[in-house]
Amino acid sequence: MALVTTTEMFRKAYSGGYAIGAFNVNNMEIVQGITEAAGELKSPLILQVSAGARKYANHTYLMKLVEAALIENDIPIALHLDHGGDFEICKSCIDGGFSSVMIDGSSHSFEDNIALSKKVVEYAHAKGVVVEGELGQLAGVEDDVKISAEDAKYTHPDQVEEFVSRTGVDSLAIAIGTSHGAFKFKPGHNPMLRFDILDEIAKRLPNYPIVLHGSSSVSPEYVKIIQENGGRLADAIGIPEDMLRQAAKSAVCKINIDTDLRLAMTAGVREVLYQKPEVFDPREYLKIGRANIKTLVAHKIVNVLGSDGKA
Ligand code: G3H
Ligand code: 13P
Ligand code: ZN
């Protein structure tokens, strides 16, 4: 099967009350772990690549890994640029074969975000590629830029209709309290998402796909393995799975997950290297990391996203 855009995926997810997982990929083992889980569960899938991933692994290597995954798994897969920071990187991914890009103009003024997003949409749509925009700002770390919880800005529902109609973006990422990275809430504070803002946005944009970034749950199981095997991750806290399940049943059609993949891979690699210091064959530890990723993604698809059997 060739790469698909997210249009059909989101239409079905919206009406079916589930969401599509968008998982960040950087290397072969991550691509394999994610796509084997989705393939076996017959789940549609979004693989996403950040600017950092592209710099690390190289555009062509990532394209070829995703092409291999399409040959090995009979499911619809979209390849998406995560957090495109400017027109040039979006253009490069569109020209280079991606089926979807995000233009993240959320750090700009409302008017500048509109102008930039509109420019990307015009270029992308002419080539059959879809575009995700963002309004509001998440807390957390993104491409080495850290935004504190105090500086994060929830999306204003009264801006969304104008933003979507003036830019033509196909989906919209919003800020309702999720954040990037492994430290989303302070210990002792109850995790909280602003479902009231999500509901208000959904009312103003009927049948329109909403995206949640920063949606890892930071499984205590993997944090424990990392801590017990020489890692340091005290006070890592993520978004409770029941909140994500609730979001997946609403207008939220795409849920972004990267940190949980990093934790699953790191837990596997650390466990082997710490417990068996004599191991030096990379396959011995990478295969445990890859297996953890497959287990994690299968769990997300069935218990959080609800996208199993929807391919
Ligand atoms: O939202 C950001 C993603 O987790 C990608 O992170 O820029 O370190 O690859 P990265
Ligand atoms: P997490 O850091 O919660 O996994 O979020 C990833 C993300 O939003 C990628 O765009
Ligand atoms: Zn993100």
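As the structure is a prediction and not an experimental result, all values here were calculated from the model. Indexing begins at 1, ligand by ligand and atom by atom, following the structure's order. Start at 1 with the first residue, then count along the sequence.
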[X] bridged to [Y] by N-O distance under 4.0 Å:
X	Y	result
D95	K127	yes
E200	R204	yes
E40	K294	yes
K287	E284	yes

Practice item. Write out the protein residues near ligand 2, meaning a non-hydrogen atom under 4.0 Å from one of its atoms, in order of chain and number. Key: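 Contacts of ligand 2 under 4.0 Å: N24, Q48, D82, H83, S179, H180, G181, K184, H213, G214, S215, S216, N256, I257, D258, T259.
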
**Study point:** Student check: side-chain heavy atoms of S307 and K300 closer than 4.5 Å
**Key:** no

Check your understanding: Which N/O/S atom belongs to H213 and is the closest one to the Zn ion (ligand 3)?
Key -> ND1

Review point. By atom name, which N, O or S atom of H180 is the nearest to the Zn ion (ligand 3)?
Key: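 Per the distance ranking, H180 contributes NE2 as its closest N/O/S atom to the Zn ion (ligand 3).
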
Taking 4.0 Å as the limit for heavy-atom contacts, which would you say applies to [X] with ligand 1: side chain only, backbone only, both, or neither?
X	result
H83	side chain
T259	neither
D82	side chain

Review point. Residues two or more places apart in sequence or in another chain: which of them pass side chain to side chain contact (heavy atoms under 4.5 Å, CB included) with S171?
Key: F10, E132, P209, V211

Point to revise | Where ligand 1 meets D258 - atom numbers and elements under 4.0 angstrom, heavy-atom basis | key: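 Those qualifying, in numeric order: 3 (C), 4 (O), 5 (C), 6 (O).
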
Exercise for review: May I ask which of R262, H180, M102 has a heavy atom nearer to atom 8 (O) of ligand 1 than the others do?
Suggested key: R262

Point to revise | Geometric class of the F98/H59 ring pair [parallel <30°, tilted 30-60°, perpendicular >60°] | key: parallel

Point to revise | Heteroatom distance test (N26, ligand 1): nitrogen or oxygen, under 3.5 angstrom | key: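 No, no N or O pair falls under 3.5 Å.
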
Check your understanding: Between N24 and ligand 1, is there a nitrogen or oxygen pair with a distance under 3.5 Å?
Key -> no

**Study point:** Those residues that, when tested against H108, pass ring-ring contact (aromatic ring centres under 6.0 Å, His included) (two or more places apart)
**Key:**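 For H108, no residue satisfies ring-ring contact (aromatic ring centres under 6.0 Å, His included) once neighbours in sequence are set aside.
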
Practice item. Sequence neighbours left out, what passes salt bridge (charged side-chain N to carboxylate O under 4.0 Å, His left out) with R283? Give chain and number order. Key: D281

Practice item. Answer yes or no on whether K310 is positioned over the face of Y18, meaning its NZ or CZ is under 6.0 Å from the six-membered ring centre and within 45° of the axis. Key: yes

